[in-house]
Amino acid sequence: MICITPTRVDYQTLCANVERRLCELGHLESKQFPMTQREVIRGGKPCGIYFCLHGPRSVKLTAICDFTKNTIIYYGSDGIRRESAPLSARVSSQIQNELKAA
């Protein structure tokens, strides 16, 4: 299991870590394919981030950073959940605050 537990993680670091892990799961070269992010809204409030790595031949690998459960859930190109990684509550709140400020 992969865990992100540094004392300070910004949004760009989170994106880089998610991109790297999605590439590992899909057996792809890192930094060779575009990745999009969307904020997940529930009840008018942000509750997570949806990541989608757009690989070759319409392959898509996804991940959800869930702020309510403090986890990152990774999905394979077939849409099946592959793994989840804990995200500390402190890191989760730091990223939420950074997104609010932007």
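Values below: every heavy atom of this structure, side chains too, minus hydrogens, waters and symmetry copies. Just so you know, residue 1 is the first one in the sequence shown, and it goes up from there.
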Using the side chain to side chain contact (heavy atoms under 4.5 Å, CB included) rule, take Val18 and Ile49 through it: C-alpha gap first, then chi angles, then the decisive distance, then the call. CA-CA 11 Å; Val18 168; Ile49 304 170; over 6 Å; no
Determine, stepwise, if the pair Ser84 / Ile72 fulfils side chain to side chain contact (heavy atoms under 4.5 Å, CB included). CA-CA 5 Å; Ser84 62; Ile72 302 173; over 6 Å; no
Residues forming a side-chain hydrogen bond (donor to acceptor under 3.5 Å, both in side chains) with Thr71, sequence neighbours excluded: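 Thr71 satisfies side-chain hydrogen bond (donor to acceptor under 3.5 Å, both in side chains) with no other residue.
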With sequence neighbours left out, write down each residue that passes side-chain hydrogen bond (donor to acceptor under 3.5 Å, both in side chains) with Glu19, or none if nothing qualifies.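 Checked Glu19 against side-chain hydrogen bond (donor to acceptor under 3.5 Å, both in side chains); matches are Ser30.
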Kindly indicate, with the supporting measurements, whether the criterion side chain to side chain contact (heavy atoms under 4.5 Å, CB included) is fulfilled by Ile41 and Cys47. CA-CA 6 Å; Ile41 309 285; Cys47 64; over 6 Å; no
Atom pair OG1/CD1 of Thr13 and Ile95 - distance to nearest 0.5 Å: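 One finds 8.5 Å between OG1 of Thr13 and CD1 of Ile95.
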Spacing of NE2 belonging to His27 relative to CG belonging to Leu61, to within rounding of 0.5 Å: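 With rounding to 0.5 Å, NE2 (His27) is 10.0 Å from CG (Leu61).
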What heavy-atom pair brings [X] and [Y] nearest, and what distance separates the two atoms?
X     : Y     : answer
Cys65 : Phe51 : CB-CE1, 4.0 Å
Gln96 : Pro46 : NE2-O, 3.8 Å
Phe67 : Gly48 : CD1-N, 3.5 Å

Any side-chain heavy-atom pair from Glu83 and Arg21 closer than 4.5 angstrom?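 Side chain of Glu83 against side chain of Arg21, heavy atoms only: contact under 4.5 Å found.
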Any chance you could pull the hydrophobic cluster mates of Tyr75, using side-chain heavy atoms under 4.5 angstrom and chaining through other members?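 Its cluster mates, by chain and number, are Val40, Tyr50, Ile64, Ile73.
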Determine which pairs satisfy salt bridge (charged side-chain N to carboxylate O under 4.0 Å, His left out) with at least one residue from residues 52-81, sequence neighbours left out, and list them in order.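 Counting only pairs at least two positions apart or across chains, the salt bridge (charged side-chain N to carboxylate O under 4.0 Å, His left out) contacts touching residues 52-81 are Asp78-Arg82.
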Please identify each residue that fulfils side chain to side chain contact (heavy atoms under 4.5 Å, CB included) with Glu29, with sequence neighbours left out.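 Side chain to side chain contact (heavy atoms under 4.5 Å, CB included) list for Glu29, sorted by chain: Gln32.
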Which residues pass the side chain to side chain contact (heavy atoms under 4.5 Å, CB included) test with Phe33, sequence neighbours left out?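 Expected list: Leu28, Leu53, Pro56.
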What's the verdict on side chain to side chain contact (heavy atoms under 4.5 Å, CB included) for Met35 and Cys15, showing C-alpha distance, side-chain angles and the deciding distance? CA-CA 9 Å; Met35 186 173 75; Cys15 291; 4.2 Å; yes
Main-chain N/O of Tyr11 paired with Glu98 side-chain donor or acceptor, under 3.5 Å: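 Side chain of Glu98 to backbone of Tyr11: a pair is present.
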